[in-house]
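First comes the structure, then the notes that go with it.
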Number of protein chains: 2
Amino acid sequence: MHTSLLDRLRLHGYRLTAQRRAVAEALDGINVHLTADEVHARAADILPEISRATVYSTLHELTEMGEILELGIEGRSKRYDPTTSPHNHLVCDSCGVIHDVQHGVAAPELPLNEAHGMAVRRAEVVYHATCGTCLAS
Amino acid sequence: MHTSLLDRLRLHGYRLTAQRRAVAEALDGINVHLTADEVHARAADILPEISRATVYSTLHELTEMGEILELGIEGRSKRYDPTTSPHNHLVCDSCGVIHDVQHGVAAPELPLNEAHGMAVRRAEVVYHATCGTCLAS
DNA sequence: TCTGAGTTCTGGACTAAGTCCAAGTTCGGA
DNA sequence: TCCGAACTTGGACTTAGTCCAGAACTCAGA
Ligand SMILES: [Mn+2]
Ligand SMILES: [Mn+2]
Ligand SMILES: [Zn+2]
Ligand SMILES: [Zn+2]
């Protein structure tokens, strides 16, 4: 009884359109971190005439719903992550590739006296590295 | 015998120009996180005809030398940090303001079995929050 | 099944941040 | 002082993303 991204869009009161279906299908079940343009390319395999604007707007809806995560990495285009359970990321600063870090690492809590009166939502740990491919070149 | 940013540019073999002087002076001694355009505005107070391209290139030189840090925050313009001692950041996701987190927090190390064969350079912790001003509006 | 109001989609224009480059200027070692 | 290498400039360009007016579609209700 796996509920798909598409089912959950419906539950949130969005209309079911061929475009949302295509974007959901492009993301469903994958475990990589795609850019908006990569999502657009995959969605266009299913629905060739889908526009970039619609892909962006659907990605924002899914992010707003908490069904995917939007990852903003250092000067590069954002990437979208269908894995929403708490995890951190390992990033190649040279080519931008991202791996999940699933186990054994928890972000330390922010001491209250450092909070500057701000409401802290979450702490994320980003590991900056260089991948094998980039090291070789 | 405090060595200024400018002195250190000289030590790295760069020529001393009025433009580098102006950028160094714009950054020296401050403890806030300026965007490139803000640095340009401050530098232009000292040297009105300085160009954006030169400010960008000087910021990159200083970053390359390790004399300032380039902070890339979620979809916004990069910010430049003259404080290079290890510290983390607390970011308002709504307006982009950044505070330093100096004490009591260390990023956890990445377990070897999670490294995907990559050479990890550093771990940073980013605290995502909403500042008082943004909460009020 | 049909309708229509409200939702959604489209494509193209637009913006913001940053990069690139050819031409002119300046620095500083000899 | 001289001169080549280093540097700066301003404007064109790129990339990622936003915005919008008009056209198309969805789905609740009759
Ligand atoms: Mn992930
Ligand atoms: Mn800082
Ligand atoms: Zn890489
Ligand atoms: Zn704020």
Side-chain angles (χ1 to χ4, degrees), chain A residues 5-7 9-26 33-41 43-44 46-65 68-80 93-96 98, chain B residues 5-7 9-26 33-41 43-44 46-65 68-80 93-96 98:
Chain A
L5 280 180
L6 198 60
D7 295 334
L9 270 167
R10 164 95 102 336
L11 291 176
H12 281 254
Y14 291 101
R15 290 192 174 172
L16 260 222
T17 67
Q19 288 80 358
R20 292 203 173 111
R21 215 181 301 270
V23 171
E25 196 166 329
H33 305 86
L34 302 176
T35 62
D37 272 348
E38 287 164 349
V39 174
H40 180 239
I46 301 162
L47 186 72
E49 67 277 20
I50 191 172
S51 74
R52 281 186 353 113
T54 298
V55 170
Y56 273 107
S57 107
T58 305
L59 288 171
H60 293 166
E61 288 159 8
L62 290 166
T63 302
E64 189 63 27
M65 285 166 50
I68 63 177
L69 296 175
E70 188 181 69
L71 308 178
I73 300 293
E74 180 68 16
R76 309 178 169 276
S77 43
K78 290 177 184 168
R79 289 171 178 272
Y80 293 88
D93 287 334
S94 165
C95 72
I98 301 180
Chain B
L5 280 180
L6 197 59
D7 296 334
L9 270 168
R10 165 101 97 338
L11 290 176
H12 280 256
Y14 290 101
R15 290 190 176 173
L16 261 225
T17 67
Q19 289 80 359
R20 291 205 174 109
R21 217 181 300 271
V23 171
E25 196 166 331
H33 306 84
L34 302 176
T35 62
D37 272 349
E38 287 164 350
V39 174
H40 180 239
I46 302 163
L47 185 71
E49 67 276 23
I50 191 172
S51 75
R52 282 187 353 114
T54 297
V55 170
Y56 273 108
S57 108
T58 304
L59 288 172
H60 293 165
E61 288 159 6
L62 290 167
T63 302
E64 189 62 29
M65 286 166 50
I68 62 176
L69 295 175
E70 188 181 69
L71 308 178
I73 299 293
E74 179 70 17
R76 309 178 171 277
S77 44
K78 291 176 183 168
R79 289 172 179 271
Y80 294 88
D93 286 336
S94 167
C95 71
I98 301 180

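Residue numbering restarts at 1 for every chain, and letters A, B, ... go by the order of the sequence lines.
Between D:dA6 and B:Thr17, no contact under 4.0 Å exists linking OP1 or OP2 to a side-chain N or O. Under 4.0 angstrom from either OP1 or OP2 of D:dG10 there lies no side-chain N or O belonging to B:Ser51.
Taking every side-chain heavy atom of B:Arg15 into account, D:dG4 is the closest of D:dG4, D:dG10, D:dT26.
In this structure, the NE2 atom of A:His40 is 17 Å from the P atom of D:dT15, given to the nearest Å. Atom CG in A:Leu34 sits about 15 Å away from atom P in D:dA16, given to the nearest Å. Rounding to whole angstrom units, OH of residue A:Tyr14 and C1' of D:dA28 are separated by 20 Å. The CZ-C1' distance, from A:Arg20 to D:dC27, rounds to 13 Å in whole Å. Look at CD on B:Gln19: it is 6 Å from C1' on D:dT8, rounded to the nearest Å. Atom CG of B:Leu47 is separated from atom P of D:dG10 by 11 Å (rounded to the nearest Å). The interatomic distance linking A:Lys78 (NZ) with D:dG17 (P) rounds to 6 Å, in whole Å. Going from atom CZ of B:Arg52 over to atom P of D:dT9 covers 13 Å, rounded to whole Å.
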Trace of the side chain to side chain contact (heavy atoms under 4.5 Å, CB included) decision for B:Arg15 with B:Arg20: CA-CA 9 Å; B:Arg15 290 190 176 173; B:Arg20 291 205 174 109; 4.1 Å; yes
Verdict with reasoning, A:His33 to A:Leu69, per side chain to side chain contact (heavy atoms under 4.5 Å, CB included): CA-CA 10 Å; A:His33 305 86; A:Leu69 296 175; over 6 Å; no
Worked verdict on B:Val23 versus B:Ile50 for side chain to side chain contact (heavy atoms under 4.5 Å, CB included): CA-CA 9 Å; B:Val23 171; B:Ile50 191 172; 4.0 Å; yes
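Residue A:Arg76 is out of contact with every strand shown, counting any heavy-atom pair closer than 4.0 Å. Within 4.0 Å (heavy atoms only), B:Thr54 reaches at least one base atom of the nucleic acid. Among the atoms of the strands shown, only primed sugar atoms or phosphate atoms (P, OP1, OP2) are found under 4.0 Å from some heavy atom of A:His60.
No side-chain donor-acceptor contact under 3.5 Å links A:His40 to the backbone of A:Thr54.
The shortest side-chain heavy-atom distance between B:Ile68 and B:Leu59 falls under the 4.5 Å cut-off. The closest side-chain heavy-atom distance from B:Glu49 to B:Leu47 is below 4.5 Å.
Nearest-nucleotide assignment on DNA chain C puts the 5′-proximal partner with A:Thr58, out of A:Thr58 and B:Arg79. The nearest heavy atom of DNA chain C to A:Ile50 and to B:Ser77 marks one nucleotide each, and the one closer to the 5' end goes with A:Ile50.
Checked for salt-bridge contact, A:Glu70 and A:Arg79 miss the test: no charged N lies under 4.0 Å from a carboxylate O.
First and last contacting nucleotides of DNA chain C toward chain B (any atom under 4.0 angstrom from a heavy atom, 5' to 3' order): C:dA17 to C:dG28.
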